[in-house]
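Residue numbers count from 1 along this sequence. The analysis underlying the following values was restricted to heavy atoms, covering all of them including side chains, and did not include hydrogens, waters or symmetry mates.
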Amino acid sequence: MEEFVETLKDRRQEEKLKDVNLDDWLPITSSRTAKWYYSAFHNVTAMVGAGVLGLPFAMSQLGWGLGAVAIVMSFVITLYTLWQLVEMHEMVPGKRFDRYHELGQHAFGPRLGLWIILPLQIIVMVGTDIVYMVTGGQSLRKFHDLICHGRTTGSCADIRLTFWIMIFASPHFVLSQLPNFNSISSISGAAAVMSLTYSMIAFVTSAVKGSSTTTSAAAVDYALRATTPAGRSFGMLSALGTVSFAYAAHNVVLEIQATIPSSPETPSKKPMWRGVVVAYAIVALCYFSVAFAGYYAFGSSVEPNVLISLEKPTWLIAAANLMVVVHVVGGYQVFAMPMFDMVETVLVKNLKYKPGFWLRLVSRSAYVAATMFVGLTFPFFDGLLGFFGGFGFAPTTYFIPCIMWLILKKPKKYGLTWFINIICIVIGVLLTLVSSIGGLRQIILDAKNYKLYS
């Protein structure tokens with residue numbers, strides 16, 4: 001009798017799930033009313049963030065020549081691979097690949113495609129949210145210290161970074177309950193404006209500091225940051241990972257495009273690409289100006305987060321750090337939304353939970369808590385950028401789109417398009433291998449002097 005009752009309950013639950021159109025509930029596909037400028041907001045928010053603040057530090061490990069080449073080449077390659085993803089979103093008539101792993105499954109096969117794309121995408125999105133936890137906490141602490149005129153005056157108590165990360169995490173428990181990408185468009189728009197503003201503050205203040213008489217070019221050391229041959233080599237590898245981390249939007253681009261309406265007359269790729277072009281124009285302005293001005297001002301002594309190096313004018317640098325906080329709040333949500341989509345899909349389809357408020361509240365709150373815990377346990381900003389940039393971002397950004405393009409579009413062998421894709425693949429594979437090693441070494445070095453929950 002008990003077995004019969006359990007079976008009856010299971011059948012009723014299955015019937016309830018059948019009545020629910022899951023695509024109308026999941027965050028990626030529940031709303032397809034986005035405008036082209038939503039695409040611009042989301043792409044700027046996803047790309048300009050912790051990465052741009054680390055570019056001067058990457059320059060200090062690479063030097064002027066190699067650093068400039070790495071940043072410019074990455075810009076060109078990632079713009080090309082982003083265009084490929086936008087083009088492939090609706091390459092099959094009547095079908096939309098709303099998620100990166102769905103396109104991967106179409107290219108590599110249902111099982112292989114899932115195993116190739118999904119682990120990397122999870123690493124990227126979870127890794128980015130962890131880094132944003134650290135960035136938000138560091139920026140809040142820097143804001144506090146500047147307002148209090150530094151720790152030496154005794155005007156304010158010294159608060160550990162652990163608590164700042166927890167403070168930064170607290171609003172995400174509320175914001176994470178917003179249902180889909182379109183519902184966070186205003187947050188993403190504010191974050192995009194903040195990213196442009198604080199990047200310009202970092203650029204102008206760095207340029208002024210670099211051109212002042214007290215920090216003339218002769219007084220700034222532009223030698224490579226490390227003093228030993230091994231340190232220089234590993235530093236270069238980590239810096240390449242930091243650069244690849246800076247170009248991060250590819251992992252959410254198909255999910256963003258999925259929110260844009262599409263028809264045979266006006267496919268989604270047109271407004272999507274319009275938004276991408278605007279976003280990349282802003283990215284170019286922010287990245288090149290901050291990277292070169294920050295390195296020009298501080299040379300090899302620049303901090304992993306360039307805003308930490310800047311001190312004056314106090315009120316402006318404090319405001320810039322607060323803007324970073326606002327931006328990474330939006331950036332966290334943009335990268336978390338596809339993760340929420342994955343988790344909720346598994347919970348409903350595989351584990352047969354009923355979609356609804358409580359499922360979202362528990363699962364999303366657990367995700368925020370998990371990324372907060374890892375962030376406050378391992379707050380190694382520069383090492384995390386290098387490691388996640390190499391291990392996760394480089395494959396999904398630099399060469400997997402090219403491999404899928406060769407498989408699905410089949411360009412003429414040894415033709416120009418074929419050679420361009422092969423070159424991108426080779427560069428991406430090398431970048432993945434070398435930058436992961438450098439980033440992991442940097443984490444190990446940072447951990448030697450780190451006190452748990454300090």
Using every non-hydrogen atom in the two residues, find where L359 and W25 come nearest and quote the distance to one decimal. CD2-CH2, 3.7 Å
Side chains of H101 and Q121: is there a donor and an acceptor less than 3.5 Å apart? no
Is a donor from one side chain sitting under 3.5 angstrom from an acceptor on the other, for Y332 and S176? no
Is the charged tip of R141 near the ring of W164: under 6.0 Å from the six-membered ring centre and within 45° of its axis? no
Step by step, work out the side-chain contact (heavy atoms from CB on, under 4.5 Å) result for T396 and I117. CA-CA 8 Å; T396 54; I117 302 296; 5.5 Å; no
If you look at every heavy atom in R32 and T29, which pair is closest and at what distance? NH2-CG2, 3.6 Å
Please check if the side chain of S139 supplies one atom and the backbone of G136 the other of a donor-acceptor pair under 3.5 Å. no
Take atom CE of M166 as the centre, draw a 6.0 Å sphere, and report whether it contains more than 12 heavy atoms from other residues, nucleotides or ligands. no
Parallel, tilted or perpendicular, as decided by the 30° and 60° cut-offs, for the rings of F288 and F292: parallel
Calculate, to the nearest 0.5 Å, the distance between atoms CG and CZ belonging to L361 and F173 respectively. 10.5 Å
As an exercise, state the distance from OG1 of T417 to CD of Q84, rounded to the nearest 0.5 Å. 9.0 Å
Is any side-chain heavy atom of L196 closer than 4.5 Å to a side-chain heavy atom of L285? yes
Which is it for M133 and F168 under the side-chain contact (heavy atoms from CB on, under 4.5 Å) test, yes or no, and what are the steps along the way? CA-CA 7 Å; M133 282 287 181; F168 173 78; 3.8 Å; yes
Output for pair (I282 CD1, N43 CG), nearest 0.5 Å, gives 10.0 Å
Side-chain contact test, heavy atoms from C-beta onward, threshold under 4.5 Å: evaluate it for H172 versus D129 and give yes or no. no
Minimal non-hydrogen separation, I77 against C424, with atom names: CG2-SG, 4.0 Å
So, E255 side chain and Y100 main chain: donor-acceptor pair closer than 3.5 Å or not? yes
Quick one: are T259 and Y38 in side-chain contact, heavy atoms under 4.5 Å? no
Are side-chain N/O atoms of Q257 and S39 paired as donor and acceptor at under 3.5 Å? no
Minimal heavy-atom distance between S268 and S262, with the atoms involved, is N-OG, 3.2 Å
L254 CG to D98 CG distance, which is reported to the nearest 0.5 Å: 8.5 Å
Donor-acceptor pair, S188 side chain versus I184 backbone, under 3.5 Å? no
Using only heavy-atom distances, determine whether the side chains of H250 and T81 contain a donor-acceptor pair under 3.5 Å. yes
Side-chain donor/acceptor of R360 to backbone N/O of S365, under 3.5 Å: no
Are E90 and K269 ion-paired here, with the side-chain N under 4.0 Å from a carboxylate O? no
Can you list the steps and then say if Y367 with V126 is a side-chain contact (heavy atoms from CB on, under 4.5 Å)? CA-CA 9 Å; Y367 176 82; V126 175; 4.0 Å; yes
Please report the interatomic distance CE(M342) to CD1(I28), rounded to the nearest 0.5 Å. 8.5 Å
Flag, side chain of S60 to backbone of F57, donor-acceptor distance under 3.5 Å: yes
Side-chain donor or acceptor of T45 paired with backbone N/O of G330 under 3.5 Å: no
Does either side chain, that of T397 or that of T78, offer a donor lying less than 3.5 Å from an acceptor on the other one? no
4.5 Å side-chain heavy-atom contact, F181 and P27: no
Answer yes if the ring centres of W83 and W405 are under 6.0 angstrom apart, and no otherwise. yes
For Y280 and F75: C-alpha separation, side-chain torsions, deciding distance, then whether ring-ring contact (aromatic ring centres under 6.0 Å, His included) applies. CA-CA 9 Å; Y280 255 75; F75 178 87; 5.1 Å; yes
Determine the minimum heavy-atom distance between P179 and R364, stating which atoms define it. O-NH2, 3.4 Å
4.5 Å side-chain heavy-atom contact, V328 and M194: no
Apply side-chain contact (heavy atoms from CB on, under 4.5 Å) to the pair V290 and L55, showing each step before the final yes or no. CA-CA 7 Å; V290 173; L55 288 178; 5.6 Å; no
Check ion pair R96-E102 (N to O, under 4.0 angstrom): no
For residues Y353 and S363, is any side-chain donor paired with an opposing acceptor at under 3.5 Å? no
Do Q138 and N321 have a side chain donor and acceptor closer than 3.5 Å? no
Does a side-chain heavy-atom distance below 4.5 Å link I400 with L120? yes
Here the pair of heavy atoms bringing V44 nearest to H327 is O-NE2, 4.1 Å
Which value, rounded to the nearest 0.5 Å, describes the distance between L376 atom CG and I130 atom CD1? 10.5 Å
Any side-chain heavy-atom pair from S199 and Y287 closer than 4.5 angstrom? no
Can you check whether F97's main-chain N or O pairs, donor with acceptor, with H106's side chain at less than 3.5 Å? no
Please examine the side chains of V252 and M337, heavy atoms only from C-beta on, and report whether any two atoms are closer than 4.5 Å. no
